[in-house]
Number of protein chains: 2
Amino acid sequence: MSETRGTTPLGARRTRQRLDILQHLSAAPDFISAQGLHARLAQTGTLVGLSTVYRALRDLERAEQVDVIRSEASGERLYRRRSTSEHQHYVICRRCGRSEAVDTDIVERWAAHLDQLTGFSNVTHTLELSGECMDCHL
Amino acid sequence: MSETRGTTPLGARRTRQRLDILQHLSAAPDFISAQGLHARLAQTGTLVGLSTVYRALRDLERAEQVDVIRSEASGERLYRRRSTSEHQHYVICRRCGRSEAVDTDIVERWAAHLDQLTGFSNVTHTLELSGECMDCHL
DNA sequence: ACAGAAACGACATCCATTTTCATTAGGGGA
DNA sequence: TCCCCTAATGAAAATGGATGTCGTTTCTGT
Ligand SMILES: [Mn+2]
Ligand SMILES: [Mn+2]
Ligand SMILES: [Zn+2]
Ligand SMILES: [Zn+2]
């Protein structure tokens with residue numbers, strides 16, 4: 001009882017749609033929106049409802065399986081499958097969307113002291129970096 | 001010719017609405033949304049169209065007169081008049097919205113090297129901090 | 001196989017922000 | 001000061017990402 005079987009990770013059922021979504025998300029090299037992912041799935045003949053894509057991404061976010069940013073350009077939330085168990089920060093190319101993980105140890109260490117520095121408790125941070133990748137810069 | 005008179009800052013006309021908006025925004029101690037500001041103006045009998053508030057805030061943002069964050073809770077963009085000429089980062093209380101400027105020199109210096117560290121050009125950053133202020137923490 | 005619950009998906013709805021467009025009113029120049 | 005051009009305004013409609021609804025489908029443990 002209260003046994004966590006490898007077959008049922010976190011109360012999440014394993015449906016054809018969830019698998020397809022996770023697979024296509026993992027295959028995407030960069031951040032992608034719910035709608036973009038839905039379009040990709042459709043292209044390859046994988047029929048998944050848009051609502052389902054939104055829900056699956058929301059659940060993946062809760063399970064901390066993805067990093068999320070907000071596109072300044074389109075206003076969409078963009079998702080990327082995490083490579084490590086820890087959250088990461090990325091530089092995203094403003095032009096083509098290419099993303100690259102950045103070493104933010106310095107910032108993380110600084111952030112860890114914020115509770116003392118600010119008088120606020122349970123301080124969390126959001127850090128997004130954008131620039132122009134070498135291919136797009138001129 | 002091509003003379004920049006003090007009377008015409010940046011092609012922006014000085015209307016009653018713009019002045020009221022800037023005044024009320026400056027009076028607000030914390031971050032406030034377009035709709036919140038619009039409501040505040042209405043309360044004090046200052047009639048300004050909601051579109052006008054949105055437009056004025058957009059222009060203030062372009063002129064770098066305000067710092068902007070995105071409320072995770074309401075999804076709104078929140079604005080705060082800048083006290084200095086440089087951009088700032090803040091800790092915002094998740095519960096009551098109180099905001100406090102934070103010294104981010106360390107991060108700023110780190111960010112200045114990102115072009116070399118990442119291979120991206122013109123790297124800009126977004127940093128948002130949220131926590132619970134002393135009044136709200138239990 | 002069965003039953004209860006979770007997931008689907010087409011569609012409706014929400015809601016912040018933008019756009020439209022007719023009207024108003026700044027402000028530089030004469 | 002008066003004119004004119006044009007930016008600014010605002011009511012209303014449109015946009016668009018995201019979430020809610022609800023009847024149907026599909027898991028999964030027993
Ligand atoms: Mn971090
Ligand atoms: Mn900064
Ligand atoms: Zn690029
Ligand atoms: Zn508080």
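In what follows, chains are A, B, ... by sequence order, proteins preceding strands, each numbered from 1. Scope of the values below: all heavy atoms of this structure, side chains included, with no hydrogens, waters or symmetry mates.
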*Would you mind telling me which residue lines up with the more 5' stretch of DNA chain C, B/Arg70 or B/Gln17, judged by nearest nucleotide?*
B/Arg70

*asked:* From C-beta outward on B/Thr52, which listed nucleotide comes closest to its side chain: D/dA8, D/dG10, D/dA18?
replied: D/dG10

_I need the NE2-P distance between B/His38 and D/dG10, as an integer number of Å._
8 Å

_Of A/Ala56 and B/Ser74, the one whose closest DNA chain C nucleotide lies more 5'_ = A/Ala56

_Of the options C/dA16, D/dT28, D/dG10, whose atoms approach the side-chain atoms of A/Arg14 most closely?_
D/dT28

*Give the rounded distance in Å between these two atoms: CG of A/Leu47 and C1' of C/dC8.*
13 Å

*asked:* Tell me whether A/Arg95 at atom CZ has more than 12 heavy atoms from other residues, nucleotides or ligands lying less than 6.0 Å away.
replied: no

*Tell me which nucleotide among C/dT17, D/dG10, C/dG9 gets nearest to the side chain of B/Arg77.*
C/dT17

_Please report the distance, rounded to the nearest Å, between OH in B/Tyr79 and P in C/dA16._
13 Å

*Using a cut-off of 4.0 Å on non-hydrogen atoms, how would the nucleic acid contact of B/Ile21 be classed: base, sugar-phosphate, or nothing?*
nothing

_Could you tell me how far apart B/Phe31 (CZ) and C/dA16 (P) are, to the nearest whole angstrom?_
19 Å

*Nearest to the side chain of B/Arg13, which nucleotide is it out of C/dT17, C/dC8, D/dC5?*
D/dC5

_Donor-acceptor contact present, side-chain A/Ser74 to main-chain A/Ser71, <3.5 Å_ = no

_What is the separation between atom CG on B/Leu78 and atom P on C/dA16, rounded to the nearest whole Å?_
11 Å

_Parallel, tilted or perpendicular: which one describes the rings of B/Phe31 and B/Tyr90, with boundaries at 30° and 60°?_
perpendicular

*Once you round it to whole Å, what is the distance between P of D/dG17 and CG of A/Leu50?*
10 Å

*For the base of C/dG9, is there a side-chain donor-acceptor partner from A/Arg55 under 3.5 Å away?*
yes

*Side chains of B/Thr46 and B/Asp20: do they bring a donor and an acceptor to under 3.5 Å?*
no

*To the nearest Å, give me how far apart CG (A/Leu22) and P (C/dA7) are.*
15 Å

*Describe the nucleic acid contact of B/Ser51 in one word from base, sugar-phosphate, nothing, applying a heavy-atom distance below 4.0 Å.*
base

*Of the nucleotides C/dA16, D/dG17, C/dC8, which has the atom closest to the A/Arg18 side chain?*
C/dC8

*Provide, to the nearest angstrom, the distance between the CZ atom belonging to B/Arg58 and the P atom belonging to D/dA7.*
14 Å

*asked:* Taking only side-chain N and O atoms of A/Tyr54, does any of them lie within less than 4.0 angstrom of OP1 or OP2 on D/dA18?
replied: yes

*State whether the side chain of A/Asp30 and the backbone N or O of A/Ser99 hold a donor-acceptor pair below 3.5 Å, judged by distance alone.*
yes

